[in-house]
There are 2 protein chains.
Amino acid sequence: MQHSEEIVNKKIEELKNECKKRGMRVTPQRIVIYREVAKSCVHPDAEAVYESVKKELPNISFDTVYRTLASLEDMGMIFRVDNQLPKARFDADKTPHHHFLCVNCGEVYDIKLEDKEDLKIPAHAAEFGDIKDMNLQVRGICNKCKTNK
Amino acid sequence: MQHSEEIVNKKIEELKNECKKRGMRVTPQRIVIYREVAKSCVHPDAEAVYESVKKELPNISFDTVYRTLASLEDMGMIFRVDNQLPKARFDADKTPHHHFLCVNCGEVYDIKLEDKEDLKIPAHAAEFGDIKDMNLQVRGICNKCKTNK
DNA sequence: ACTGTTATTAAGAATAATTCTTAATAACAA
DNA sequence: TTGTTATTAAGAATTATTCTTAATAACAGT
């Protein structure tokens, strides 16, 4: 399943504004790469983004995908999902939520929060420096992997 | 600062027991590598472990460090710290705690929890599968990096 | 203690993910 | 339309990690 085109288009407008604000050029590569991450629900890795983007921009290079994902991250338009795997995975959802990581297949699922479940910053966290963000990782075996064993 | 020798020795006994229980051999490499992680407070990466271990076992190979860290992780004796960096970092502390990750220098700090601060599993988390563990990452700029700018 | 079995190791080659280098291209300001 | 310069494609290079192979050593059984 993918996020609706309406929501994705709104996010692309936001990207364009953010680019202009920062003096960055609005290139088709940037738009298409961001759209891939924004519309996907599976927190794709660089390779998955590359494969999808290639359908629209067949000459895209792997380097452009990596470079663009890094710059989108710098802009705060996407986030890297903390995982313990060699491949980085990306998420364009800025609203507070957590992740369920399957230790077997590496799949990442979004955990929606109940109203009262927003995380409190641990009392001792601020002792170490200025906090930028915070997120909770739940690790386990996903339902798909459970049945496939 | 490092963990006290007394605590570390206790952990090494636990490692030996765990090895025997699993039919794994108690080799000097395994002990020394585990001791490095157990006594360190900085969540060392494989390279840091390798450099320290080499002082005691000059012929140790990089591969042995990687292989041993992976097997210690399988045994549940150490954990990989989730980070967004290419180098994996390890932690031998099994008590519940969180991490402050500096996005600038990559340093990892332990966040001790107040008594009432234990994490609740998010209501929707279990929908995705069987939960193994859970941890909170706080990201920001550490004090050291703040002053060095 | 000795011996055989087999897990573990060292060494270095191989791999996988990512980043760098360079010259060409294209966004966009003027 | 043009010039400036950020961005790109291509492919080489790098970095962290894993694999392959033959040698070594832990330890169970004698």
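So that the names make sense, note that chain A is the first sequence line, chain B the second, and so on, each numbered from 1. Excluded from the calculations below are hydrogen atoms, water molecules and symmetry mates; all remaining heavy atoms, backbone and side chain alike, are included.
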Heavy-atom check, side chain of A/Tyr109 versus side chain of A/His99, under 4.5 Å: no
Would you indicate what B/Asp63 reaches in the nucleic acid, counting non-hydrogen atoms under 4.0 angstrom: base, sugar-phosphate, or nothing? base
Between atom CG in A/Leu72 and atom P in D/dT7, what is the gap in whole Å? 11 Å
Tell me, do A/Cys142 and A/Cys105 make a side-chain contact under 4.5 Å, heavy atoms counted? yes
Phosphate OP1/OP2 of C/dA10 contacted by B/Gln29 side-chain N/O (<4.0 Å): yes
Would the distance check show the side chain of A/Thr68 and the main-chain N or O of A/Val65 forming a donor-acceptor pair, the cut-off being under 3.5 Å? no
When you measure from the side-chain N and O atoms of B/Thr27 to the phosphate of C/dT9, is any distance below 4.0 Å, counting only OP1 and OP2? yes
So what does A/Pro58 hit on the nucleic acid, given a heavy-atom distance under 4.0 Å: a base, only sugar-phosphate, or nothing? nothing
For C/dA23, what is the paired nucleotide under Watson-Crick or G-U wobble rules, both distances under 3.5 Å? D/dT8
Please report, rounded to the nearest Å, how far the P atom of C/dT25 is from the CG atom of A/Asn59. 12 Å
Judged by each residue's nearest nucleotide on DNA chain D, which is more toward the 5′ side, B/Lys20 or B/Ala88? B/Ala88
Counting any heavy atom closer than 4.0 Å, what does A/Ala70 reach on the DNA or RNA strands: base, sugar-phosphate only, or nothing? nothing
Looking at A/Glu47 and A/Lys87, is there a salt bridge between them, counting it only when a charged N and a carboxylate O are closer than 4.0 Å? yes
Roughly, in whole Å, what's the span from CG in B/Asp45 to P in D/dT17? 7 Å
In whole Å, what is the span from the CD atom of A/Gln84 to the P atom of C/dA17? 17 Å
Rounded to the nearest Å, what distance is computed from the CZ atom of residue B/Phe62 to the P atom of nucleotide C/dA13? 16 Å
Interatomic distance, B/Glu73 CD vs D/dT18 C1' [rounded to whole Å]: 15 Å
Report the residue (B/Val26 or A/Val65) whose heavy-atom-nearest nucleotide on DNA chain D is the more 5′ of the two. A/Val65
Spacing between B/Arg22 atom CZ and C/dT6 atom C1', to the nearest angstrom: 19 Å
For the residue pair A/Tyr50 and A/Phe62, does the interplanar ring angle fall in the parallel (under 30°), tilted (30 to 60°) or perpendicular (over 60°) class? parallel
Residue pairs passing the side chain to side chain donor-acceptor pair (under 3.5 Å) test where at least one lies in residues 13-27 of chain B, sequence neighbours excluded: B/Glu14-B/Lys94, B/Glu18-B/Lys21, B/Glu18-B/Arg22
Does a side-chain N or O of A/Thr64 approach OP1 or OP2 of D/dA9 to a distance below 4.0 Å, or not? yes
Which nucleotide sits closest to the side chain of A/Pro28: D/dT8, C/dA27, D/dT17? C/dA27
Kindly indicate whether the side chain of B/Arg30 and the base of C/dT8 share any N or O donor-acceptor pair separated by less than 3.5 Å? no
With hydrogens left out and only the distance checked, is there a donor-acceptor pair under 3.5 Å joining B/Arg67's side chain and the base of D/dT18? no
Expressed in angstrom and rounded to an integer, what is the separation of A/Ile60 atom CD1 from C/dT25 atom C1'? 13 Å
Is the phosphate of C/dT18 approached by A/Tyr66 (side-chain N or O, under 4.0 Å from OP1 or OP2)? yes
